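Written below as structure tokens is the structure these notes are about.
Predicted, not measured: the structure shown is a model, and the values here were computed from it. Values reported hereafter were calculated over all heavy atoms of this structure, with side chains retained and with hydrogens, waters and symmetry mates removed.
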Amino acid sequence: MSLERQLADYGKHLRQAIADLEVSIEPGHAVRPVPKEEPVRQRWLWPAAAAAVAAVIVLAVVLWPGGGSESAPFVDDGSTVPGTTLTVPTTTALPTTTTAVLPGIEGFAVSVDDAGLGTGGLVAVSAGKVWAVGGVGQPGLIGRLEDGDWTHWRLVPSPSGQVNGLAVAPDGTVWAAANSGVFSFDGAEWTRRFDDPAGAVGVDGGGTVWIGGPLQDNRLWLARWDGESWVRVDPNPEAPPDRGATSMTVLADGDVWIVAPMGGWGGDLVMRYDGTTTESVACWEYLDPCPGVFTEIAAAPNGDLLVGGFANDIDRQYRVAQFDGDAWTIWPAHDWPSAESFGASDMAVGPDGVLWFAFEGGLASADGTEWTTQIEGPGVSAVDVAPDGTVLYADSDGVHTFSTP
Amino acid sequence: MIVGEVQGGSFAAFADGVTPRLKAALVAAVGVERAADAAGEALAYAWEHWESVRMMENPVGYLYRVGVSRGRRWRPLPAVFPSPPNGDMPWVEPGLPKALGGLSERQRVAVVLVHCLDWTQDEVAGLLGISRGSVQTHLERGLHHLRASLGVTL
């Protein structure tokens, strides 16, 4: 039977699945327009680049077309964001699960299957402690794996509970960006820090927290936490509409880098905020050929930016380029001929400068001149490297520590 | 569904009208498991910005882009499609659902909407904001990759 006929027949099954989908609409969020703040740039000079890298977390910024209001929803007078302390009851029926209850929103306990936790992203604090974001089918789920034991939180109910980004500050505070706001965890309790949707949260080497999201006119907004309020910075006036973003990295020099994917094989954009303005850095000017999709960025130990991605969906070749602030250096490409699909992908850099890349084709490492396939097989979704160099990765079976055979 | 007192009637009718096609388009883009959340986000956005959305010529296309963008995660996640129940459709390649998830987003949207859900190429072009010729290209490439993935020639 022809492929077209099979697709048509499969469509009959798919129609029923679509009809069975239940869509719920959450109440909107209050938005308070504020005067535009003058951007303030800070530079952090780190004599120990490795320490800066250890504290820099790769995040995600989701650029929603038309999302948000005319101006970003910040505290209007720079006063302290009202911190809402969340009660965290422990459910007796599920001893390893805790539920954060937001005022006015009922929390609920869920039966949590550790498998798959982490496929939405990993942040390795140490060899024995890692934070994990839930993957497909686990919206709003955050887990902490410490010395072999899991603790889970589901900050808000679906659908608004989607966690878009997770970061750990040098002081150990965990920051989570979700469709329902931004939250911080001090080791004992979660506190709401921002009321409106945020696509990403990041922390630089100095501990400054950044968040990001979309404006109504499709431009990106960024803001940093000054300890009491969020200070908004200029959005990029040239950001094309309808672009999401999948990675944000704050380098040791204070520059914030963001990836805006095309959503197809058309060439992702990389954007940089230097403390004053945001510019689009078209990667095809520096990478030949340029990664077309699933572009990831990460900070190298020496403060350089690393950009990686796939050029096309035919030869499954992964390409990486390194930017030192002035010039780009192209790394040798890596082939994944056995990969069946692209699925999730993730990139992380260790304190030794070795890049680790995870995707549906497996797990590989690169030192700038040579690639080594470490795991060949489907389903490696996320990877991160702890400050001591321990590599942790996540697949559908859970979070694992990578060991050289 | 949350409906206000003044404008609720018109929004409810709008939502009832667009939801079926919006769900179909989002399933094609992000898979069944994520489509419900993406559609909820898109319709919530439409509710919050009803005054502007109600004036749009192509609200489904706009809300589709809202849903896809808001559905994007920290890390790209695969689009998951359901397999037919055991025994049903034995003539359909068992690997077809997974192969659909392995296509690029636009190829998958074009193939699923046109060949599985009977949308016209013009309708897909309007949804994606691209030319019909581009839709045809995505279809050809998508079918090519499916045949390669499934090892079929027909």
Minimal non-hydrogen separation, B/Ala36 against A/Leu21, with atom names: CB-CD2, 4.1 Å

Within-4.5 Å side-chain heavy-atom neighbours: A/Val23 and B/Asp37: no

Neighbourhood of chain A inside residues 115-125 of chain B, taking heavy atoms under 4.5 Å as contact: B/His115, B/Cys116, B/Leu117, B/Asp118

Contact class of B/Leu100 relative to chain A, heavy atoms under 4.5 angstrom: side chain

Pair A/Arg5 + B/Glu93: basic N to acidic O under 4.0 Å: no

From CD1 (A/Ile18) to OG1 (B/Thr19), nearest 0.5 Å: 13.0 Å

Test item: A/Asp20 and B/Val32 side chains (from C-beta on) under 4.5 Å apart, heavy atoms: no

Minimum heavy-atom distance between B/Met89 and A/Asp9, given as atom pair plus value: CE-O, 3.0 Å

Structural part of B/Leu22 lying under 4.5 Å from a heavy atom of chain A: neither

Atom of B/Pro82, atom of A/Tyr10 and distance for their closest heavy-atom approach: O-OH, 2.6 Å

Heavy-atom contact with chain A under 4.5 Å, split by part of B/Leu96: side chain

For A/Met1 against B/Trp91, the heavy-atom pair lying closest together: SD-CD1, 3.1 Å

Atom group of B/Val114 that falls short of 4.5 Å from chain A, counting heavy atoms: neither

Part of B/Val111 lying under 4.5 Å from any heavy atom of chain A: side chain

Heavy-atom check, side chain of B/Val92 versus side chain of A/Leu7, under 4.5 Å: no

